[in-house]
Amino acid sequence: MTETKIKIEDLPTVYDAKSTEEKMYKFWEDGGYFKADAHSNKPPFTIVIPPPNVTGVLHMGHALDETLQDILTRYHRMSGYEALWIPGTDHAGLATQNVVEKKLMKEGLTRHDLGREKFLEKTWEWTNQHKGAILDQMKRLGASFDRSRERFTFDEGCSEAVKEVFVTLYNKGLIYKGAYIVNWCPRCQSAISDIETEYETEQGHLWEISYPLVGESGAIIVATTRPETIFGDVAIAVHPSDKKYSELIGKTVMIPLSGRQIPIIADEYVDKTFGTGAVKITPAHDPNDYEVGKRHNLNPIWIIDEEGNMKACAEVPPDYQGLDRYEARKKVVDMLSYNNFLLRVKDHEHNVGKCQRCNTTIEPLLSEQWFVKMEPLAKEAIAAVKDGRIKFIPERWEKNYLGWMENIRDWCISRQIWWGHQIPAYYHKVTGEMVVAKENPDPENYVQETDCLDTWFSSGLWPFSTMGFPNSETDDFKKFYPTTTLVTGFDIIFFWVARMITMGLEFTGKAPFSTVYIHGLIRDEKGQKMSKSKGNTIDPVEIIDKYGCDALRFTMTSLCTYGGQDIKISDERFEYGRNFANKLWNASRFVLMNLEGVDDKPIDKSKLTLVDKWILNQLNETAKTVNENMKEYRIGEIAHTLYDFFRSEYCDWYVEIAKIQLQDSELKANTQRVLRYVLDMSLRMLHPIMPHITESVWQLIPGQKQESAIIVSEFPVYKDELRYENEAEEMKLVFDTITSLRNVRQSFNIPTSATVDVEIRSEGREKEIFKAIESYIHRLAKVNNITYAEVNEPIPPRSATAVVSTSKLIVPLADLIDLESEIKRQEKKLEKLTNEKNSLSGRMKNEKFVANAPKELVEQTNARIAEITAQEDVIKELIESLK
RNA sequence: GGGCGAUUGGCGCAGUUGGUAGCGCACCACAUCGACAUUGUGGGGGUCACGUGUUCGAGUCACGUAUCGCCCACCA
């Protein structure tokens with residue numbers, strides 16, 4: 001840190017987030033604090049970032065995800081772990097290709113004009129320019145990731161890992177190439193996987209079409225939602241046990257408009273109750289039909305091409321050829337109707353598959369693609385979660401994961417794009433013979449497969465491809481693999497988490513992480529997903545500019561629930577974090593100002609006052625809670641706990657009382673030490689959530705420090721020697737007393753400038769406490785004279801009374817008192833007490849309660865009843881005296 | 001069709017082994033007092049969606065109902 005002395009008095013009264021954040025981040029980066037040491041003796045704690053797309057712009061989802069990872073990393077770094085957080089980006093096949101293509105389009109070019117090689121060159125150029133951008137944005141979030149280990153899913157190492165995995169899986173028979181119906185996106189011009197297809201309910205129609213029988217009169221009526229596909233029909237199917245149609249099975253019908261003849265077949269797949277009970281079978285353009293076709297040895301007929309247009313082929317009549325699928329549908333319907341083949345049209349709601357990326361309606365298309373056989377791989381991935389090697393938090397996501405894994409389907413991994421890992425298969429130019437290998441066996445005679453791999457194929461290797469895999473002897477792999485925790489949203493459990501688990505187990509023999517921490521999704525204030533098209537996005541960078549990074553982090557963190565509920569946010573919510581940061585700043589400023597001349601000595605335990613012991617006890621309890629909650633990923637709870645402790649206990653009570661103690665030359669030095677210690681420890685506990693402000697304040701704390709920065713300081717833990725349970729209990733009397741007296745003051749509109757006197761009627765230990773805290777009462781409740789009297793003395797007329805524990809506080813009010821309102825006030829209190837007492841004594845009358853409830857509870861209940869009774873008596877007496 | 005989640009003061013939400021409810025915002029009132037108005041102090045406001053059950057005792061557990069949201073499946 002800079003050695004120039006900063007004068008505390010000169011610090012601004014409003015926390016300056018922007019300059020602090022810049023300074024602190026630079027301080028950490030320059031100091032190398034984010035770098036992890038693979039040779040350290042400390043146990044490892046590792047997180048790999050869910051690599052954001054290189055094309056990506058920082059959004060609120062990242063802000064939450066990265067904040068949580070940073071909190072975990074910083075906490076463990078402070079708690080004796082060698083903490084490593086690996087950053088990186090994803091090459092995002094199609095997304096990046098689209099961006100570059102769009103750029104080309106502005107120059108009037110397509111990727112085909114450039115050719116594959118030149119296009120890839122361009123894309124690499126673009127990528128290299130943008131690769132660091134989103135990670136640079138994440139610096140604004142305070143991310144303490146190790147940029148010296150930054151990776152890219154398409155860099156040399158990851159490419160090597162991809163080849164290794166592909167070839168190995170192929171050799172094991174777990175990757176195959178074959179013709180299947182896949183989800184084809186006519187816009188992206190590529191196959192996409194099942195999970196990249198999203199279904200939307202659309203209002204469509206069910207057309208009933210008549211297929212005339214050949215060689216005899218009559219027809220069979222077929223219901224379809226896609227009449228344009230009739231040219232690809234290869235059969236009409238009915239259910240074998242459907243009596244309606246039993247006589248027609250085996251007969252031949254004619255396709256309307258084209259005249260081609262097809263058989264009527266029987267297949268169990270048909271649902272007798274749906275539509276007309278007869279289905280047209282179009283194997284090339286429907287997954288179920290494809291299965292039926294296979295069973296009956298019917299050859300598929302392609303009638304729609306890759307762009308979604310009707311093919312120019314013998315089966316499609318010439319005037320339909322080249323038409324777009326929807327134009328074709330319209331024309332087919334018109335012509336069917338014109339020729340009386342169309343019998344009925346019904347409105348029909350059905351689900352239509354859409355491309356997740358571009359929302360184009362998917363065309364199921366029979367084509368040759370590469371697949372990963374998932375079932376054998378899934379076995380271990382299921383076992384690892386079932387036997388607890390991998391734990392999901394919250395636990396319910398395990399079910400979700402297992403449900404998917406247990407019904408796993410083969411994964412279509414080939415994409416007809418250029419930007420990505422080109423599939424390492426090579427075909428002989430003449431014979432067409434295929435070789436799968438990491439390198440081209442003979443570039444003279446072999447050409448590489450043109451298809452690329454699904455982006456998620458390389459993301460699936462991320463936890464170990466970033467560590468040096470396939471070389472498992474690297475320092476990082478040995479020290480930091482497997483990773484500890486994976487932090488992500490539930491939306492990519494199938495896309496990413498499941499694949500990492502599968503691949504990790506297969507290729508390293510170890511689960512790639514032991515905990516999967518799933519957080520909710522960020523939504524707008526109405527609970528809707530944020531999206532650019534809806535215009536409801538909130539830009540984290542704007543929030544940081546306006547409220548500060550730590551404010552953003554604190555607000556988000558405080559909104560995280562253990563159940564991982566989605567988080568609704570709006571701009572104004574960040575005021576919460578900003579205000580807390582400001583409170584932290586000003587309280588720190590006050591404490592630092594009052595630490596002038598503080599010595600380097602530790603707290604002198606023999607000189608601790610009641611309130612000193614209380615705050616140390618509360619600090620200790622807070623440390624305990626925070627550490628426990630951190631273990632269970634209750635991050636929101638941690639934020640709440642720290643907020644309550646710092647704001648309500650430290651600022652509202654301890655600091656206020658410390659002001660009094662600082663005036664006392666006997667107590668001053670030790671009070672300073674306590675103030676400093678509690679501030680120091682509070683800052684440490686807050687540091688993972690609010691890194692910048694805590695670091696900057698911590699640097700200003702005077703006195704010897706073991707560590708060079710808070711980021712590497714020791715995280716507070718529970719210490720038995722800081723337990724002061726009795727004092728904590730006794731402090732309740734202080735709070736009650738002050739609050740009650742303030743209440744009296746405000747109820748009677750006693751101005752702040754006026755002081756009142758108070759007569760305390762108390763005995764025993766409580767009386768001792770009152771005597772010890774007189775100075776607090778003077779100052780915090782603006783009390784002038786404090787006198788004492790016997791508990792049972794009659795209450796003087798014209799005075800307000802407060803009952804605190806077993807003691808009475810009498811405030812003589814003389815002319816100030818409004819008898820009416822005081823009686824009302826007291827009656828209200830009495831009513832509350834009586835209600836509580838009735839409920840409690842009802843409980844005590846219940847023999848079963850007395851018999852079954854824990855003894856302590858019964859005792860507690862009795863004690864409370866006694867207390868209420870005593871208080872009731874006092875209030876009744878008081879009301880009498882007022883009358 | 002199957003599964004999951006939500007339902008708590010005006011709004012947004014907490015509430016970890018069951019012991020009669022907390023927080024932030026908003027609201028009402030007071031306060032410019034040497035850390036802080038991005039503030040402080042005091043206060044008002046909830047039969048915890050509904051029903052049944054288990055229990056001495058249910059916001060918390062079980063079953064059911066309703067409304068909202070999400071995921072999976074994809075019958076033309």
Side-chain angles (χ1 to χ4, degrees), chain A residues 8 11 13-15 195 197 199 206-207 222-226 229 237 269-271 273-282 286-289 348 350-353 394 396-397 399-400 403-404 407 490-491 493-494 520-521 523 525 527-528 547 551 555 558-559 561-570 572-573 575-594 628-629 632 634 636-637 640 643-644 648 651-652 655-656 659 738-739 742-747 749-753 780 782 836 839-840 843 846-854 857 860-861:
Chain A
I8 306 297
L11 293 174
T13 58
V14 174
Y15 169 60
I195 48 176
T197 309
Y199 288 89
L206 197 58
W207 285 276
V222 169
T224 181
T225 54
R226 299 200 58 192
T229 62
Y269 152 72
V270 181
D271 178 354
T273 62
F274 187 87
T276 61
V279 196
K280 60 197 255 347
I281 301 300
T282 320
D286 183 282
N288 292 308
D289 292 7
H348 179 65
H350 62 144
N351 292 328
V352 177
R396 67 189 150 92
W397 293 111
K399 249 191 178 176
N400 183 268
W404 192 70
N407 297 291
F490 58 79
D491 51 334
I493 291 178
F494 303 151
L521 264 34
R523 298 176 177 279
E525 54 205 312
Q528 293 190 302
Y547 297 102
T555 301
S558 76
L559 295 174
T561 64
Y562 182 63
Q565 295 306 316
D566 286 353
I567 297 169
K568 286 187 227 176
I569 58 163
S570 62
E572 306 85 60
R573 299 203 77 165
E575 287 173 6
Y576 175 70
R578 180 201 56 185
N579 295 355
F580 182 58
N582 199 239
K583 188 75 182 174
L584 180 57
W585 175 253
N586 279 299
S588 302
R589 233 165 36 86
F590 172 79
V591 172
L592 293 172
M593 275 188 271
N594 282 283
E628 281 171 359
N629 283 314
E632 293 173 39
R634 296 173 181 271
E637 193 60 30
H640 298 149
Y643 184 95
D644 285 347
S648 310
C651 292
D652 291 351
V655 170
E656 289 308 315
K659 285 175 184 171
I738 306 289
T739 306
R742 283 169 173 169
N743 184 311
V744 167
R745 293 187 64 101
Q746 299 219 5
S747 300
N749 292 320
I750 299 165
T752 321
S753 52
L780 299 180
K782 290 251 174 182
E836 192 186 343
S839 138
L840 290 177
R843 203 186 281 182
N846 185 334
E847 284 168 27
K848 285 183 177 172
F849 171 74
V850 181
N852 295 330
L857 186 70
Q860 246 175 50
T861 309

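Since the model is a prediction, treat every value here as computed from it, not as a measurement.
Whole-Å rounding puts the A:E637 CD to B:rU17 C1' distance at 15 Å. Separating the OH atom of A:Y576 from the C1' atom of B:rG12 is a distance of 12 Å, rounded to the nearest angstrom. Distance A:Y562 OH to B:rU16 P: 11 Å, rounded to the nearest Å. For the pair A:L592 CG and B:rC36 C1', the computed distance is 14 Å after rounding to whole Å. Atom CZ in A:R573 sits about 10 Å away from atom P in B:rA14, given to the nearest Å. Atom CG in A:D566 sits about 15 Å away from atom P in B:rG12, given to the nearest Å. Following rounding to the nearest Å, A:F849 (CZ) and B:rG19 (P) show an atom-to-atom distance of 12 Å. Going from atom CD of A:Q746 over to atom C1' of B:rC33 covers 14 Å, rounded to whole Å.
Between A:K399 and B:rC4 there is a side-chain polar atom (N or O) within less than 4.0 angstrom of OP1 or OP2. The phosphate of B:rG40 (OP1 or OP2) has a side-chain N or O of A:K583 nearer than 4.0 angstrom. A close approach under 4.0 Å does not occur between any side-chain nitrogen or oxygen of A:H640 and OP1 or OP2 of B:rG22. The phosphate of B:rA14 (OP1 or OP2) has a side-chain N or O of A:T561 nearer than 4.0 angstrom. Phosphate proximity of B:rC56 to A:N846: absent, as no side-chain N or O sits under 4.0 Å from OP1 or OP2. The phosphate of B:rG42 (OP1 or OP2) has a side-chain N or O of A:R742 nearer than 4.0 angstrom. An OP1 or OP2 oxygen of B:rU39 is reached within less than 4.0 angstrom by a side-chain nitrogen or oxygen of A:N579.
Nearer the 5' end of RNA chain B, as judged by each residue's closest nucleotide, is the contact made by A:R396, out of A:E656 and A:R396. Between A:I195 and A:V270, it is A:I195 whose nearest contact on RNA chain B lies nearer the 5' terminus.
At a threshold of 4.0 angstrom between heavy atoms, the contacts of A:N351 include nucleobase atoms, whether or not backbone atoms are also involved.
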side-chain hydrogen bond (donor to acceptor under 3.5 Å, both in side chains), that's the test. Do A:N846 and A:R843 meet it? Break it down for me.
CA-CA 5 Å; A:N846 185 334; A:R843 203 186 281 182; over 6 Å; no
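For RNA chain B, each stem of at least three Watson-Crick or G-U pairs (distances under 3.5 Å) is given as range with range: B:1-7 with B:66-72, B:10-13 with B:22-25, B:27-31 with B:39-43, B:49-53 with B:61-65.
With sequence neighbours left out, A:S747 forms a side-chain contact (heavy atoms from CB on, under 4.5 Å) with A:N743, A:R825. A:S753 pairs by the side-chain contact (heavy atoms from CB on, under 4.5 Å) definition with A:P751, not counting sequence neighbours.
Contact of the A:T229 side chain with the A:K280 side chain is registered, since non-hydrogen atoms from C-beta on lie closer than 4.5 Å.
A ring-centre distance under 6.0 Å is not found for A:H640 and A:Y562.
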